[in-house]
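See below for the structure under consideration.
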Amino acid sequence: MVSVNEPSNGPTVPGVPDVPGVPAGLVVGVDSGGSGLRIALADAATGAVLGTRASREPVRTGPGGISAAHFLEQVLPAVRALVEPHGGRPLLAAAVGAAGMATLGDELRAGLPGALAEAWGVRRLALAADAVTAYTGALGQRPGAVVAGGTGMIALGTDLASWRRADGWGHLLGDCGSGAWIGRAGLEAAMRAYDGRRGGSAALLDRAEKLFGPAAGLPGALYPRTDRPAVLASFAPEVGRCAPEDPVAADILARAGAHVAEAAGAVCPAGPGAVVALTGGLFRMGDPLLVPLRAALGELLPHARTVEAAGDPLAGAVALASALATGTLRLPGDPALLRLFGEGVS
């Protein structure tokens with residue numbers, strides 16, 4: 001079920017100017033992910049958010065990828081209810097950021113442009129990977145790099161001519177420095193202590209047994225789980241709590257920081273003026289991770305400035321839609337990461 005948040009006159013979204021002469025229309029931004037979707041209605045000219053709705057039901061994935069029918073089933077009535085109090089102002093543009101868009105977005109790209117044009121008369125549409133909306137929410141339309149860290153980890157950068165991506169390959173092949181990576185390294189250190197091998201941590205063993213039960217039963221408890229990345233990531237905060245007093249835990253976070261910095265370095269454009277932002281729940285771990293991470297960023301990217309993320313992926317979707325409506329979009333298109341549809345776009 002879609003729930004309603006009260007309309008608000010919030011701040012403008014990053015990278016969207018107040019453009020004189022732009023019609024008094026509206027835009028829609030959508031952030032769709034594994035925990036559900038969020039929808040925002042905003043003023044086209046300023047990006048000021050007028051109201052939001054949210055659903056805890058993730059959009060289903062089928063043989064054709066992310067289901068366009070299920071997406072529309074949730075989004076169309078929500079947008080209708082958001083638009084109703086605003087006196088028939090037209091919807092000029094929409095932007096959708098979705099997890100899996102790059103590899104599972106074919107059905108959305110085929111079905112949404114026509115469906116949204118028919119339902120809303122929307123003139124312009126952006127379909128983006130969630131990493132792009134995370135980037136736009138964090139940095140707006142500046143050249144730089146954004147690292148999105150949570151259970152997984154992905155870095156995305158642009159020089160405004162093209163996009164570069166690093167990692168985001170999942171917990172078996174990558175996501176180095178992510179919550180799952182930190183949790184797995186912490187549990188390995190716990191098992192080393194249980195065995196009496198070098199590199200073990202008695203503190204992490206104690207935390208692991210309190211969280212998961214006897215150490216000898218951990219493989220049987222973990223390996224059959226279909227949500228292994230999330231289970232591994234659930235141990236990352238324990239590594240952070242142990243780090244101030246435990247050198248093994250501190251070293252795990254130092255290595256995680258180095259991995260995150262390497263991913264940022266791989267995508268950040270060269271030359272002065274680039275900025276780097278960190279976004280996502282991973283970085284709420286605080287100083288035990290951020291201190292070594294900032295040191296690694298300073299060493300690898302001396303030309304770049306680290307800045308606070310201005311907003312989240314929903315703010316990024318609104319920023320994309322507003323930039324489309326005002327003709328101010330500077331971010332590059334990409335067949336997998338950012339596809340643009342409608343009049344005046346290619």
Side-chain angles (χ1 to χ4, degrees), residues 14-15 31 33-34 97-103 128-182 184-185 229 233 236 253-271 273-285 289-313 315-317 319-320 331-332 334 336-338:
D31 174 42
M101 180 72 80
T103 54
D130 57 345
V132 170
T133 49
Y135 183 101
T136 312
L139 292 183
Q141 300 195 76
R142 292 182 285 175
V146 169
V147 181
T151 297
M153 194 279 294
I154 187 171
L156 194 69
T158 183
D159 57 2
L160 303 186
S162 63
W163 293 99
R164 296 187 66 182
R165 164 189 170 159
D167 214 336
W169 304 123
H171 74 293
L172 294 178
L173 298 177
D175 285 357
C176 298
S178 68
W181 186 95
I182 291 169
R184 194 214 62 80
L253 295 185
R255 288 187 284 131
H259 284 309
V260 172
E262 287 168 359
V267 303
C268 189
V275 289
V276 177
L278 308 173
T279 183
L282 175 68
F283 304 111
R284 290 197 289 268
M285 193 174 293
L289 175 62
L290 293 178
V291 168
L293 170 53
R294 287 173 180 145
L297 285 171
E299 182 178 342
L300 287 173
L301 295 170
H303 68 284
R305 181 168 55 95
T306 302
V307 299
E308 293 294 322
D312 65 6
L320 284 175
L331 295 174
D334 180 274
L337 295 173
L338 178 59

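Since the structure is predicted, the reported quantities are computational estimates derived from the model, not experimental observations.
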Check: [Y] and [X] side chains under 4.5 Å, non-hydrogen atoms:
X: Val147; Y: Leu282; value: no
X: Leu293; Y: Leu278; value: yes
X: Asp334; Y: Val132; value: no
X: Asp130; Y: Pro313; value: no
X: Glu299; Y: Leu297; value: no
X: Leu331; Y: Trp163; value: yes

Could you pull out the closest heavy-atom pair between [X] and [Y], with the gap in Å?
X: Pro229; Y: Ala180; result: O-CB, 3.6 Å
X: Thr133; Y: Ala128; result: CG2-CB, 4.2 Å
X: Ala264; Y: Val276; result: CB-CG1, 4.4 Å
X: Ala155; Y: Ala263; result: CB-O, 3.6 Å
X: Ala138; Y: Val146; result: CB-CG2, 3.8 Å
X: Ala145; Y: Val267; result: CB-CG2, 3.7 Å

Look only at the side chain of [X] and the backbone of [Y], and say whether a donor-acceptor pair between them is shorter than 3.5 Å.
X: Arg294; Y: Ala296; answer: no
X: Asp167; Y: Cys176; answer: yes
X: Ser178; Y: Thr151; answer: yes
X: Tyr135; Y: Gly144; answer: yes
X: Arg164; Y: Ala266; answer: yes

Taking atom [atom1] of [X] and atom [atom2] of [Y], what is their separation to the nearest 0.5 Å?
X: Leu156; Y: Cys268; atom1: CG; atom2: SG; result: 11.5 Å
X: Leu301; Y: Glu262; atom1: CG; atom2: CD; result: 11.0 Å
X: Ile182; Y: Met285; atom1: CD1; atom2: CE; result: 4.5 Å
X: Thr158; Y: Arg165; atom1: OG1; atom2: CZ; result: 15.0 Å

- Query: Passes side-chain contact (heavy atoms from CB on, under 4.5 Å), Leu139 versus Val307? Steps please.
  - Reply: CA-CA 9 Å; Leu139 292 183; Val307 299; 3.6 Å; yes
- Message: Go through it in stages, so that I can follow the logic: the residues are Asp31 and Asp312, the test is side-chain contact (heavy atoms from CB on, under 4.5 Å), and I'd like the CA-CA distance, side-chain angles, deciding distance and then a yes or no.
- Response: CA-CA 10 Å; Asp31 174 42; Asp312 65 6; over 6 Å; no
- Task: Please lay out, stage by stage, how His259 and Trp181 fare under the test side-chain contact (heavy atoms from CB on, under 4.5 Å).
- Result: CA-CA 10 Å; His259 284 309; Trp181 186 95; 3.5 Å; yes
